[in-house]
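Data block below; observations after.
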2 protein chains.
Amino acid sequence: MRQVHPNAALEREAVIKMLREHHITPTQQRVDIAMALFERPQHVCADQVLVQVNAVESLVSKATVYNTLGLFAKKGLIREVLVDPARLFYDSNMTPHHHMYHTDSGILEDVAPGQVQLGALPDAPEGMVVEGVDVVIRVRRV
Amino acid sequence: MRQVHPNAALEREAVIKMLREHHITPTQQRVDIAMALFERPQHVCADQVLVQVNAVESLVSKATVYNTLGLFAKKGLIREVLVDPARLFYDSNMTPHHHMYHTDSGILEDVAPGQVQLGALPDAPEGMVVEGVDVVIRVRRV
DNA sequence: ATTGCGTTTAGACAAAGTCTAGCACAGAAA
DNA sequence: TTTCTGTGCTAGACTTTGTCTAAACGCAAT
């Protein structure tokens with residue numbers, strides 16, 4: 001049986017509200033996943049979320065973690081980050097910013113938007129809209 | 001037995017020279033792959049290269065295609081492009097430019113560097129160098 | 001010819017992510 | 001509260017991309 005720690009109740013409510021605001025039905029599993037994601041701003045891949053959510057007790061299946069992360073990204077709650085060819089990262093920080101990726105260690109850092117001057121983007125082709133612009137600065141040890 | 005079309009001889013020599021300039025031992029397989037890549041500037045994934053190279057006759061194995069594309073990228077002959085979470089693309093156009101990615105169709109286009117104003121990048125952390133900066137404009141149908 | 005080293009190969013393997021078919025749950029309605 | 005319906009969840013099989021391994025190959029130098 002599912003047990004929810006009583007002290008977590010308030011944050012849980014806040015998360016449910018957030019999901020509702022993004023037109024996502026707040027199921028138990030989605031709330032669990034969202035709480036893991038928004039505990040702190042972070043970059044995670046599906047596998048890490050799976051482990052984190054099920055750390056204490058098995059709450060959410062693999063398929064649901066994948067489905068939910070995809071749903072959250074589609075609904076604009078989190079952001080996909082493509083930096084590692086082997087896995088997809090998600091960023092729970094939705095404020096505009098860019099990324100610095102350490103290719104040898106896999107570390108992914110945020111870069112404040114003011115640190116990159118981005119101007120004059122090309123127009124999207126006829127009948128298309130810009131969904132987003134990703135800037136990734138790849139760095140490595142000398 | 002390996003057959004090389006006589007008219008391709010000249011281009012083959014040029015490719016061999018290019019490999020040597022990048023300190024890559026020009027084996028038959030590497031030359032075949034490079035010729036497929038540089039036939040025209042293009043974005044390809046490993047699987048497409050495998051098919052293209054072996055279209056007429058089976059010349060190169062899967063492992064070699066993967067190894068060779070990785071080698072070429074490491075040696076600066078081609079460039080990895082991360083746009084699709086499911087596969088890694090390679091760009092045989094090494095002149096500086098950015099990318100526009102059609103998320104629904106998978107089409108990947110070049111964007112001339114002049115069309116994006118990129119200024120004032122943050123410094124790389126101590127003991128690190130910037131390997132590259134990727135700018136991807138993701139677009140989709142309205 | 002023989003040795004040695006880098007390259008290629010087939011096929012097994014690994015990891016990320018998707019799919020399926022049936023069960024469970026959320027929310028609406030009575 | 002109970003029932004109902006459509007959405008969501010699950011285990012586990014499956015797919016796809018890419019890597020690894022061990023043996024064979026190729027070529028240059030001895």
Side-chain angles (χ1 to χ4, degrees), chain A residues 1-4 12-13 15-17 19-20 22-36 43-54 57-75 77-78 80-90 103 106 108, chain B residues 1-2 4 16 19-20 22-36 43-54 57-75 77-78 80-90 103 106:
Chain A
M1 197 61 253
R2 166 176 296 268
Q3 282 293 104
V4 175
R12 225 174 154 85
E13 284 311 313
V15 164
I16 288 171
K17 189 178 160 222
L19 294 185
R20 287 228 158 85
H22 285 81
H23 310 106
I24 299 167
T25 306
T27 65
Q28 306 255 33
Q29 291 84 342
R30 286 169 181 173
V31 174
D32 288 331
I33 291 169
M35 284 185 66
H43 307 107
V44 284
C45 63
D47 194 60
Q48 292 174 297
V49 174
L50 185 62
V51 169
Q52 194 175 334
V53 167
N54 296 321
E57 171 184 13
S58 185
L59 297 176
V60 185
S61 71
K62 186 174 84 158
T64 297
V65 168
Y66 279 93
N67 288 340
T68 301
L69 290 173
L71 177 70
F72 284 4
K74 203 177 78 184
K75 297 289 190 177
L77 203 66
I78 59 177
E80 290 184 350
V81 186
L82 283 158
V83 286
D84 181 336
R87 74 193 114 251
L88 183 52
F89 282 84
Y90 293 93
T103 48
L108 180 60
Chain B
M1 195 62 256
R2 167 177 296 269
V4 174
I16 288 171
L19 294 185
R20 288 228 159 85
H22 285 81
H23 310 106
I24 299 166
T25 306
T27 64
Q28 307 253 34
Q29 290 87 341
R30 286 170 183 172
V31 174
D32 289 332
I33 292 169
M35 285 185 66
H43 306 108
V44 284
C45 63
D47 195 60
Q48 292 173 297
V49 173
L50 186 62
V51 169
Q52 194 175 333
V53 167
N54 295 320
E57 169 186 13
S58 184
L59 297 176
V60 184
S61 71
K62 186 174 83 158
T64 297
V65 168
Y66 279 93
N67 288 339
T68 300
L69 290 172
L71 178 70
F72 285 4
K74 202 177 76 181
K75 298 288 190 178
L77 203 67
I78 59 178
E80 290 183 349
V81 186
L82 282 158
V83 287
D84 181 337
R87 79 196 107 247
L88 183 53
F89 282 84
Y90 292 93
T103 49

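Atom set for the values below is all heavy atoms of this structure, side chains included, hydrogens, waters and symmetry mates excluded.
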Between N or O atoms, less than 3.5 Å apart, protein on one side and nucleotides 5-7 of chain C on the other: list the pairs.
from, atom 1, to, atom 2, distance (Å)
C:dT7, OP1, B:R30, NH1, 3.2
C:dT7, OP1, B:R30, NH2, 3.3

Mind listing the closest non-hydrogen atom pair of [X] and [Y] along with its distance?
X	Y	result
A:Q48	A:F89	OE1-CE2, 4.2 Å
B:A46	B:L69	CA-CD1, 3.6 Å
B:Q29	B:L59	CG-O, 4.0 Å
B:V31	B:P26	CG2-CB, 4.1 Å
B:Y90	B:G70	OH-N, 4.2 Å

| task | State which residue, out of A:V15, A:L71, A:T68, fulfils the side chain to side chain contact (heavy atoms under 4.5 Å, CB included) condition with A:I33. | result | A:T68

Got a list of protein N/O to nucleotides 15-20 of chain C N/O distances below 3.5 Å?
from, atom 1, to, atom 2, distance (Å)
C:dA16, OP1, A:R87, NH1, 2.7
C:dG17, OP1, A:L88, N, 2.9
C:dG17, OP2, A:Y66, OH, 3.2
C:dG17, N7, A:K62, NZ, 3.3
C:dG17, O6, A:K62, NZ, 2.8

| Under the side chain to side chain contact (heavy atoms under 4.5 Å, CB included) criterion, do A:Q28 and A:R12 qualify, and how do the steps go? | CA-CA 10 Å; A:Q28 306 255 33; A:R12 225 174 154 85; 3.7 Å; yes

| request: Just do the side chain to side chain contact (heavy atoms under 4.5 Å, CB included) check on B:Y66 and B:L50 with the steps written out, would you? | output: CA-CA 9 Å; B:Y66 279 93; B:L50 186 62; 5.9 Å; no

| said: Measuring only between side-chain heavy atoms, which start at C-beta, is B:D47 closer than 4.5 Å to B:R87? | reply: no

| After noting the C-alpha distance and the side-chain angles of A:N54 and A:D32, does the key distance pass the side chain to side chain contact (heavy atoms under 4.5 Å, CB included) rule? | CA-CA 9 Å; A:N54 296 321; A:D32 288 331; over 6 Å; no

| For atom CG of B:L82 and atom C1' of D:dG18, their distance in whole Å | 14 Å

| query | Expressed in angstrom and rounded to an integer, what is the separation of B:L50 atom CG from D:dT19 atom P? | reply | 14 Å

What N/O pairs connect the protein and nucleotides 25-30 of chain D at under 3.5 Å? Give each pair on its own line.
none

